[in-house]
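These notes concern the structure reproduced below.
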Amino acid sequence: MTVEKKLFHVIDDHLLHEKHPSAYLNEISVLPEFEKYPFNMLLDLKKTEQDPFHHPEGDVWNHTMLVIDEAAKRKMESVNPKVFMWAALLHDIGKPAATKLRRGKLTAYDHDKIGEKLSKKFLLAVDAPETFTEQVSALVRFHMHILFVIKNMPYSDIKGLKNRTDLHEVALLGLCDRLGRTNSNLQKEEENIDLFLSKLTNKERI
């Protein structure tokens, strides 16, 4: 077994069994093994700043650590906790490539689409099963659809969302994503998730 695959399995164990998997991820993120492909893709999250208004917690790594801890609290609500936890860890893997300064504001347009491709590359590099890889990358691809749907934005692919994922899995990941911020409001975010599900289950949207 390669070093990369061993590290994948160790991380997997912590994601599935720790209450705060961020503690282990923060610990190993300073080790030399984490500088090697594909884990350096996660290391790049530390170098990627975010708009402080929407993300006062700081860089993408800080945000991701908050998200996986939120996901750990809710993983038993998922139909597949392993897929769910890896999607939480990889959900913003596309941000380093997508983040740009536009008119004085940091944006990360299409990081969900880029993230789908990069999450597949990451999991391919550690010999993850094909079905597992497809399920994780699909959640990464559609995790932004909470925002797209509730705000009636034109970027949504509702047909793809319904064909490739479980709406409730996307909603659960989306909730953890929204709560992975230091200024989050649980009641407000739960209302947003309910609105997302209501719009997609009560209306014909393709």
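The analysis underlying the following values was restricted to heavy atoms, covering all of them including side chains, and did not include hydrogens, waters or symmetry mates.
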Does any part of the side chain of [Y], heavy atoms only, come nearer than 4.5 Å to the side chain of [X], both counted from C-beta?
{"X": "D92", "Y": "H143", "result": "yes"}
{"X": "T64", "Y": "I93", "result": "no"}
{"X": "V170", "Y": "L139", "result": "yes"}
{"X": "F84", "Y": "N80", "result": "no"}
{"X": "K120", "Y": "E134", "result": "yes"}
{"X": "E190", "Y": "L195", "result": "no"}
{"X": "L161", "Y": "S156", "result": "no"}
{"X": "F142", "Y": "D112", "result": "no"}

With a 3.5 Å distance limit and no angle check, can you tell me whether [X] reaches the backbone of [Y] through a side-chain donor-acceptor pair?
{"X": "S184", "Y": "G180", "value": "no"}
{"X": "N40", "Y": "L43", "value": "no"}
{"X": "D44", "Y": "P96", "value": "no"}
{"X": "K73", "Y": "I68", "value": "no"}
{"X": "T133", "Y": "P129", "value": "yes"}
{"X": "D157", "Y": "G160", "value": "yes"}
{"X": "S29", "Y": "N26", "value": "yes"}
{"X": "K75", "Y": "A72", "value": "yes"}

Inset, instruction - Among H91, H54, Q50, find the one that has a side-chain hydrogen bond (donor to acceptor under 3.5 Å, both in side chains) with H63. - result: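 The residue from H91, H54, Q50 that satisfies side-chain hydrogen bond (donor to acceptor under 3.5 Å, both in side chains) with H63 turns out to be H91.
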Legend entry - Hydrophobic cluster of L106, others only, ordered by chain and residue number, side-chain cut-off 4.5 Å: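 Noted: L106 shares its cluster with L101.
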Inset, instruction - Could you please spell out the steps behind the salt bridge (Lys or Arg N to Asp or Glu O under 4.0 Å) verdict for D59 and K47? - result: CA-CA 7 Å; D59 60 43; K47 307 171 188 175; over 6 Å; no
Are [X] and [Y] linked, directly or through other ILVMFWY residues, by side chains that come within less than 4.5 angstrom of each other?
{"X": "V60", "Y": "M65", "value": "yes"}
{"X": "L123", "Y": "L173", "value": "yes"}
{"X": "I11", "Y": "L124", "value": "no"}
{"X": "M76", "Y": "L179", "value": "no"}

Inset, instruction - Compute both the distance and the angle, then confirm whether K100 meets the cation-pi test with Y109: under 6.0 Å from the six-membered ring centre, within 45 degrees of the axis. - result: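 K100 over Y109 ring: no.
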Legend entry - Smallest separation among heavy atoms of E189 and L175, with atom names: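 Closest heavy-atom pair between E189 and L175: CB-CD1, 3.9 Å.
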Inset, instruction - Might you work through the side chain to side chain contact (heavy atoms under 4.5 Å, CB included) test for E33 and V3, ending with a clear yes or no? - result: CA-CA 8 Å; E33 293 88 342; V3 173; 4.1 Å; yes
Inset, instruction - Consider only side-chain N and O atoms of S78 and E169, and report whether a donor and an acceptor are under 3.5 Å apart. - result: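 Checked: S78/E169 side chains pair up, N/O donor to acceptor below 3.5 Å.
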Inset, instruction - Indicate whether any N or O donor in one side chain lies under 3.5 Å from an N or O acceptor in the other, for K199 and N152. - result: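 The answer is yes; a qualifying pair exists.
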Inset, instruction - Please report the C-alpha distance between E57 and H55 in whole Å, then the side-chain angles of each, then the deciding distance to 0.1 Å, and finally whether the side-chain hydrogen bond (donor to acceptor under 3.5 Å, both in side chains) criterion is met. - result: CA-CA 5 Å; E57 70 278 1; H55 288 280; 2.6 Å; yes
Inset, instruction - Could you tell me whether E70 and R178 have a side-chain N and a carboxylate O separated by less than 4.0 Å? - result: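 No, E70 and R178 are not salt-bridged.
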Inset, instruction - Could you list all the ring pair (Phe, Tyr, Trp, His ring centres under 6.0 Å) pairs where at least one residue sits in residues 153-193, not counting sequence neighbours? - result: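 Non-adjacent pairs meeting ring pair (Phe, Tyr, Trp, His ring centres under 6.0 Å): F148-Y155.
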Legend entry - Gap between atom CG of L167 and atom CD1 of I193 - 0.5 Å precision: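 If we round to the nearest 0.5 Å, I193:CD1 and L167:CG are 11.5 Å apart.
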Inset, instruction - For Y37 and K121, run side chain to side chain contact (heavy atoms under 4.5 Å, CB included): C-alpha distance rounded to whole Å, both residues' side-chain angles, the deciding distance at 0.1 Å, then the answer. - result: CA-CA 10 Å; Y37 185 82; K121 287 185 177 181; 3.7 Å; yes
Inset, instruction - Classify the ring geometry between H14 and Y24 as parallel (under 30°), tilted (30 to 60°) or perpendicular (over 60°). - result: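 Rings of H14 and Y24: parallel, as their planes differ by under 30°.
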Legend entry - Partner of F8 under ring-ring contact (aromatic ring centres under 6.0 Å, His included), chosen from F34, W86, F122: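 Of all the options given, the one that passes is W86.
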